[in-house]
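Convention: sequence-line order gives letters A, B, ...; per-chain numbering from 1. These numbers were taken from a predicted model, which means no experiment stands behind them.
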Protein chains: 4
Amino acid sequence: MPKIGMEPVRRLALVNAAISEIGHRGSLDVTVTQIAKRAGVSSALAHHYFGSKENILTAAMWRILAMLAADLRDAQHGKKTPIERLHAIVDASFSDRNFRPDVIAAWLAFYVSAQTSNDAHRLLKVYHRRLRSNLLHELRPLLAADAERVAETIAALIDGFYIRQALRTEAPDGKAAVVATKAFIDDLMKRETIS
Amino acid sequence: MPKIGMEPVRRLALVNAAISEIGHRGSLDVTVTQIAKRAGVSSALAHHYFGSKENILTAAMWRILAMLAADLRDAQHGKKTPIERLHAIVDASFSDRNFRPDVIAAWLAFYVSAQTSNDAHRLLKVYHRRLRSNLLHELRPLLAADAERVAETIAALIDGFYIRQALRTEAPDGKAAVVATKAFIDDLMKRETIS
Amino acid sequence: MPKIGMEPVRRLALVNAAISEIGHRGSLDVTVTQIAKRAGVSSALAHHYFGSKENILTAAMWRILAMLAADLRDAQHGKKTPIERLHAIVDASFSDRNFRPDVIAAWLAFYVSAQTSNDAHRLLKVYHRRLRSNLLHELRPLLAADAERVAETIAALIDGFYIRQALRTEAPDGKAAVVATKAFIDDLMKRETIS
Amino acid sequence: MPKIGMEPVRRLALVNAAISEIGHRGSLDVTVTQIAKRAGVSSALAHHYFGSKENILTAAMWRILAMLAADLRDAQHGKKTPIERLHAIVDASFSDRNFRPDVIAAWLAFYVSAQTSNDAHRLLKVYHRRLRSNLLHELRPLLAADAERVAETIAALIDGFYIRQALRTEAPDGKAAVVATKAFIDDLMKRETIS
DNA sequence: AATGAATGAGGATTCATTCAT
DNA sequence: GATGAATGAATCCTCATTCAT
């Protein structure tokens with residue numbers, strides 16, 4: 001029973017517990033007590049470290065986005081051509097680590113809370129901007145004028161597969177999403193090449 | 001003060017009030033009292049007619065889907081070619097009547113509640129199936145083997161534009177969504193024609 | 001079991017219960033549950049009618065001051081000379097109805113809460129102004145220049161007897177307070193007459 | 001970092017912090033954590049030295065009363081006549097050191113807690129007795145039979161000015177309180193001399 | 001048909017207090 | 001001597017739901 005330096009340990013445990021609990025319940029309607037219990041601590045401790053329930057949830061969202069961002073970076077690393085890097089974005093978005101039922105459920109729940117919470121709204125905006133800028137960076141050399149619209153389309157496709165996933169009772173099918181999204185990209189390129 | 005035939009009037013008023021209130025608050029965290037007040041009745045009456053809060057919300061979702069279904073039917077009416085009918089689906093999905101901030105917010109909220117509520121889950125499944133079957137009906141003659149995947153992709157695109165809309169602070173941009181989705185469809189056709 | 005028009009009944013019961021409970025506990029550290037129980041209702045109902053704990057306590061203070069104001073009016077009624085009216089103010093201030101342990105305890109507690117709560121501060125200010133204006137009205141004809149200072153002194157004397165009462169374990173001794181305060185007033189007048 | 005003799009240092013720091021904090025917040029609703037933070041130590045240490053929150057508060061009250069007692073002693077020192085010594089009591093009571101907003105607020109708060117806490121009650125009783133005995137010592141030679149009542153009146157006047165001070169938003173006006181109280185005493189003496 | 005009255009069951013949050021180090 | 005870690009107990013407040021009228 002270490003008695004010092006517990007703060008980072010507890011914070012991480014609570015954030016992970018929050019993500020799990022949100023995924024488990026399928027909504028942001030989780031209680032601090034549920035999260036705390038899952039993390040193996042009292043709800044009072046959760047408040048001690050985070051100050052409020054909203055802070056816990058924001059930290060959870062932050063963590064999900066950070067995981068995705070890290071994966072995106074890793075996936076693009078070493079890729080040479082724009083097409084390869086676009087594919088890498090798709091792969092990372094639907095990787096087993098991110099395209100999990102509980103993460104998807106949390107993701108969706110955060111979209112809802114962005115209607116109300118400034119923190120949630122800001123974090124999701126950051127994700128949007130980052131994804132958009134990543135996509136544009138690869139698309140511009142290939143498409144010129146259409147790059148913006150196509151970036152929006154790819155982003156919508158990714159989010160669309162996420163939200164539709166939320167309705168499946170079976171395990172998420174990342175493979176299918178990857179295939180479909182890449183097909184969209186590849187078709188696009190073929191057309192550009194041809195014309 | 002007629003004493004008869006109030007039931008349908010009240011039910012409709014409550015359902016509309018529920019949709020408005022959900023849109024207004026941006027989440028399913030609305031109270032029965034808020035809905036009832038908006039409908040101009042007491043919360044007790046809301047329970048009298050619907051039995052429970054969940055039933056009110058389910059009825060609200062049902063109504064949104066019904067509106068969309070009707071629009072789809074209307075939009076496709078009179079259209080001759082498969083392409084025209086596909087375009088009509090897109091037009092209806094992003095029409096001013098359906099692609100409104102409050103409807104989008106409600107839509108999103110229902111996706112979340114589908115994780116928990118059987119009713120919500122079932123209703124959204126119906127919408128999915130219907131959209132999918134509509135799309136397939138037009139795509140099969142054109143694409144043969146790829147029809148299934150493309151149908152999924154178009155559906156994801158539509159849902160993706162909806163969910164991304166939820167983050168905008170400005171008014172929804174249905175036009176842009178229509179343009180992007182139709183561009184996707186048209187590109188697809190061009191490719192098929194070419195090859 | 002009357003089922004309509006309960007609101008005023010409940011509100012009054014809750015306010016009285018609040019005063020009793022504050023007196024009983026000797027401080028504003030009473031819970032809504034305690035007050036509600038004493039009033040024979042649930043704490044939820046207390047919130048339903050008052051919205052918040054602070055509102056209940058403010059209403060309680062308001063009532064105490066209203067009772068005192070009414071007594072003051074009654075006591076002065078029919079009194080002819082300024083001296084008689086001054087005596088009446090003193091009599092009312094220390095009457096059995098107002099100079100009760102629970103009212104005194106509540107009074108004191110409100111003075112403390114006036115440091116924090118705007119409502120409490122405002123209400124006590126009103127009481128101060130009213131007492132002062134009452135006193136000045138009688139003192140001006142008698143004392144001219146000194147009236148202001150003497151009014152302050154009499155007011156302080158009244159509040160002083162109240163606060164000191166809070167320390168007694170025996171029943172409040174309104175008589176002694178009346179005697180002492182009137183003696184102060186009478187001495188003053190004698191001096192004025194003599195000089 | 002001396003390891004010995006910290007106890008008195010810490011105790012004093014905590015008591016002073018308690019007085020400041022009570023004055024700052026305007027009520028006894030201060031947390032041990034707030035007091036400890038102001039004293040620059042952990043709340044656990046506060047408990048280590050005082051055992052409980054109530055003990056801290058009692059010690060704080062004890063200190064306020066001790067300060068006042070010391071001032072009273074000093075003020076009376078060297079004064080020859082009873083009147084001079086009475087004036088000295090008044091001066092000390094409303095001196096800048098004692099008649100400060102935070103001390104007044106703490107004072108008032110202690111009166112409230114005397115309703116509940118035996119310790120607080122006992123301490124305030126001691127103050128009452130001491131003031132009374134001081135006053136009586138000077139008044140007896142001058143007033144004989146009325147001395148008791150007049151002592152009570154002066155004491156009430158002092159407490160009354162204190163409590164009324166609690167409502168002011170401006171700085172305390174010790175001068176005015178001194179003038180009024182001395183005027184009361186002097187009038188009394190004049191009357192005695194005359195009759 | 002309609003509602004005011006009423007409540008039980010939570011849920012977020014606070015805080016004095018304890019304990020191991 | 002000193003503190004970070006941890007919690008149980010309370011407290012305010014909300015809300016879906018029921019019921020008598």
Side-chain angles (χ1 to χ4, degrees), chain A residues 1-7 9-10 29-36 39-57, chain B residues 1-7 9-10 29-36 40-57, chain C residues 1-7 9-10 29-36 40-56, chain D residues 1-7 9-10 29-36 40-57:
Chain A
M1 275 176 220
K3 276 291 169 182
I4 213 161
M6 293 308 289
E7 172 150 1
V9 178
R10 296 304 187 202
D29 281 336
V30 292
T31 71
V32 174
T33 302
Q34 285 160 1
I35 295 172
V41 299
S42 70
S43 71
L45 195 69
H47 276 96
H48 177 64
Y49 283 128
F50 283 92
S52 76
K53 178 183 180 175
E54 193 180 357
N55 288 151
I56 301 177
L57 298 183
Chain B
M1 283 167 222
K3 290 277 178 186
I4 49 166
M6 290 310 288
E7 173 149 0
V9 177
R10 297 303 190 200
D29 281 337
V30 292
T31 71
V32 174
T33 302
Q34 285 160 1
I35 295 172
V41 300
S42 71
S43 70
L45 194 67
H47 273 91
H48 177 64
Y49 281 128
F50 284 92
S52 77
K53 178 184 180 175
E54 193 180 357
N55 288 346
I56 301 175
L57 298 183
Chain C
M1 275 178 221
K3 276 292 167 183
I4 213 160
M6 293 308 289
E7 173 152 0
V9 177
R10 295 305 187 202
D29 281 336
V30 292
T31 71
V32 174
T33 304
Q34 285 160 2
I35 295 172
V41 299
S42 71
S43 71
L45 195 68
H47 276 98
H48 177 64
Y49 283 129
F50 283 93
S52 78
K53 178 183 178 175
E54 193 180 358
N55 288 152
I56 301 176
Chain D
M1 284 169 220
K3 289 278 177 184
I4 49 166
M6 290 309 287
E7 172 150 2
V9 177
R10 297 302 191 200
D29 281 336
V30 292
T31 72
V32 173
T33 302
Q34 285 159 1
I35 294 173
V41 298
S42 72
S43 70
L45 195 66
H47 272 93
H48 177 64
Y49 281 128
F50 284 92
S52 79
K53 177 184 181 177
E54 192 181 357
N55 288 345
I56 301 176
L57 299 183

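Distance D/Gln34 CD to E/dA16 P: 8 Å, rounded to the nearest Å. A straight line from CG of D/Asp29 to C1' of F/dA10 spans 14 Å, rounded to a whole angstrom. Taking atom CE on A/Met6 and atom C1' on E/dA20, their separation rounds to 12 Å, with Å as the unit. The distance from atom CG of A/Asn55 to atom C1' of E/dA12 is 13 Å, rounded to the nearest whole Å. When the C1' atom of F/dC13 is taken as reference, atom CZ of C/Phe50 falls 16 Å away, rounded to whole Å. At whole-Å resolution of the value, CD1 in B/Ile35 and P in F/dC15 are 12 Å apart.
The minimum heavy-atom distance between A/Ala46 and A/Ala36, with the atom names listed, is CB-CB, 4.5 Å. In plain terms, the two heavy atoms of C/Lys53 and C/His47 that are nearest each other are N-NE2, 4.3 Å. Taking each heavy atom of B/Asn55 and B/Phe50 in turn, the nearest pair found is ND2-O, 2.7 Å.
Using a 4.0 Å cut-off, some side-chain N or O of B/Arg10 falls inside it from OP1 or OP2 of E/dA2.
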The dot-bracket string of DNA chain E, counting Watson-Crick and G-U wobble pairs with both distances under 3.5 Å, using [ ] for crossing pairs and | for pairs to another strand, is .||||||||||||||||||||
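Nearest-nucleotide positions on DNA chain F for C/Glu54 and A/Tyr49 put A/Tyr49 closer to the 5' end. Nearest-nucleotide assignment on DNA chain F puts the 5′-proximal partner with A/Glu7, out of A/Glu7 and C/His47. Between D/Gly51 and A/Val32, the residue whose closest nucleotide on DNA chain E is further toward the 5' end is A/Val32.
Contacts of A/Val30 with the nucleic acid, taken as non-hydrogen atoms under 4.0 Å apart, involve only primed sugar atoms and P, OP1 or OP2.
With F/dC13, E/dA16, F/dT17 as the candidates, the nucleotide lying closest to the side chain of C/Lys53 is F/dC13.
Here the CZ atom belonging to D/Arg10 is positioned 11.0 Å from the NE2 atom belonging to D/His48, to the nearest 0.5 angstrom.
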Grab the N/O contacts between the protein and nucleotides 7-10 of chain E below 3.5 Å, and write none if there aren't any.
residue, atom, partner, partner atom, Å
E/dT7, OP2, C/Ser42, N, 2.9
E/dT7, OP2, C/Ser42, OG, 3.1

